[in-house]
Amino acid sequence: MTLRASLSGFPEWLPGGRVVEQQILDTARRAFELHGFASLETRSVEPVDVLLRKGEVDKEVYAVRRLHDDDESALALHFDLTVPFARYVVENAGQLSFPFRRYQIQRVWRGERPQEGRFREFTQADIDIVDVGVLAQHHDAEMAMVMADVFADLPIPPTVILLNNRKVLQGVYRGLGIADTPSVLRAIDKLDKVGVDKVRDLLQAAGLTAQQADLCLALADIRSADGSFVDRVRALGIEDPLLDEGLAELLEVLEVVNHARPGAAGVDLHIARGLDYYTGTVYETQVVGHETFGSICSGGRYDALATDGTTTYPGVGISLGVTRLVSLLLGRDLVRASRPVPSAVLVAVVGEESREASNAVAHILRSRGIPCEVAPAAEKFGKQIRHADRRGIPFVWFPDAAGDTVKDIRSGEQVGADATTWAPPDTDLRPRVVVVAEGDEGAT
RNA sequence: GUGGGUGUAGCUCAGCUGGUAGAGCGCUGCGUUGUGGUCGCAGAUGUCGCGGGUUCGAGUCCCGUCACUCACCCCA
């Protein structure tokens, strides 16, 4: 296990797990910057009313206050990165140029009961684009393509970004004369978990007729990797202008994404998304073979979230659940770090009186970009090698006045070497994330 | 917040109807006295989650409490 569960919901990885997490963070950052997103960080805390304004839903928000104040200022840890970003855009609109694109990688906090893949403190890697007044539709497809690039660069199983559009759902519900859209959305969202019959019960409990419920279920049942979903929705025979708009948008996003990144996305009309500020496209991402684990990357378009009263800043964003993804990869042993420490070389110490000579070797290696450490004690070489072995350090360097040698402790091969010219193979230079082969148990 | 399950060595767990705590892995040492991994031998380690109760006696039964975990809720 690479997860310490001392405080439930506040994960702390062991060093090997952190290697995996950092690789994901580096990969995301790299992809985001290649797509021109500027880095941004917002404060961890927001006034409570900012966090709760959108959607009365008493989100599981953590309040923050000084222990000694009886206090007034109701602050809370942010619940996601989208709402603080919307606030930031409104506050700094005068100094930003639009359309504004930024990425933001930070922790967020939610006071929900933890479970597999669900934490109270976790890291999101978020990208958003906002504009003034109107945001071009093509950005909806762009979001999915950027994330597809991230996934393509990660050592993880295939993923699929599932698309839907709130307008399609709302258009259908409105066309059916259904008033209570939110509870229908919530019921539909449970399809995978509780099954068709339970959801039908829920829908009827929400006041739908049997016929309405069946049409909602038929709609939710539509999934496709191509444009064929449009005809299947039409076949339900429901007419509504919002539906037309939603279908057109959804079709465009799907076609653009899959043209550029074949197979990266699919349409799934039962994706609803809980957050209430979404107004159009919504995204959810499954890891193939781990569909029940939950979405590792979600988001959507919000046309009315950011506003100062006179000007509205519509946006679209998507957020990678870094912590959730790491917990999936480690918890199911899908990947491992090649070693938990950066060191590629352990420089042995012959005797404490010659530690300086070992330090000098290490200094030269480091100056050439080779991470290394010096043995902590001048023990017998067997123990020094074992020290390296346990940490996964592949090479042990033996300083010797008659000529240094370096040993690859995996093969046992030991050769003469000069610190000014020797280098490990590229694959050993830094810890790597390696995919665990089927049935490959044990080992570090 | 509501309901179920679990809490014994660093880790995974065993411990039957109460009789003073065990295994595997890991760890330490030796065989091999400055070249590890395999193998063999030897060894160390526990407030049995915490508090109370019943009992001659509680890891075991009862009550409470905390933590973890699963489900609901919600979601990355």
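Residue numbers start from 1 in every chain, and the chains themselves are labelled A, B, ... in the order their sequence lines are given, proteins ahead of strands.
Counting distance only, with no hydrogens placed and no angle test, the side-chain atoms of A/Gln414 and the base atoms of B/rU35 include a donor-acceptor pair under 3.5 Å. If you check distances only, the side chain of A/Arg324 does reach the base of B/rC75 with a donor-acceptor pair under 3.5 Å.
When each of A/Asp80, A/Asp126, A/Thr82 is tested with A/Ser319 by the rule side chain to side chain donor-acceptor pair (under 3.5 Å), just one qualifies, namely A/Asp126.
If you find the closest nucleotide of RNA chain B to A/Asp408 and to A/Gly321, the one lying nearer the 5' end belongs to A/Asp408. When each of A/Gly9 and A/Arg118 is assigned the nucleotide of RNA chain B with its nearest heavy atom, A/Gly9 is the one assigned upstream, toward the 5' end.
Here the C1' atom of nucleotide B/rG37 and the CZ atom of A/Arg410 are 14 Å apart, to the nearest Å. Atom-to-atom, CG of A/Leu7 to C1' of B/rC66 comes out at 12 Å; the value is rounded to the nearest Å.
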Could you list, one pair per line, each protein nitrogen or oxygen that sits under 3.5 Å from a nitrogen or oxygen of nucleotides 29-31 of chain B, together with the distance?
from: B/rG29; atom 1: OP1; to: A/Lys383; atom 2: NZ; distance (Å): 2.7

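For B/rC74, one of the phosphate oxygens OP1 or OP2 lies less than 4.0 angstrom from a side-chain nitrogen or oxygen of A/Arg186. Residue A/Gln384 has no polar side-chain atom (N or O) positioned under 4.0 Å from OP1 or OP2 of B/rG36.
Within a 6.0 Å radius of CZ in A/Arg355, other residues, nucleotides and ligands contribute more than 12 heavy atoms. Within a 6.0 Å radius of CD in A/Glu352, more than 12 heavy atoms belonging to other residues, nucleotides or ligands are found.
The shortest non-hydrogen separation linking A/Ala344 to A/Asp428 is CB-O, 3.5 Å.
Taking a pair as Watson-Crick or G-U wobble with both distances under 3.5 Å, the runs of three or more consecutive pairs in RNA chain B are B:1-7 with B:66-72, B:10-13 with B:22-25, B:27-31 with B:39-43, B:49-53 with B:61-65.
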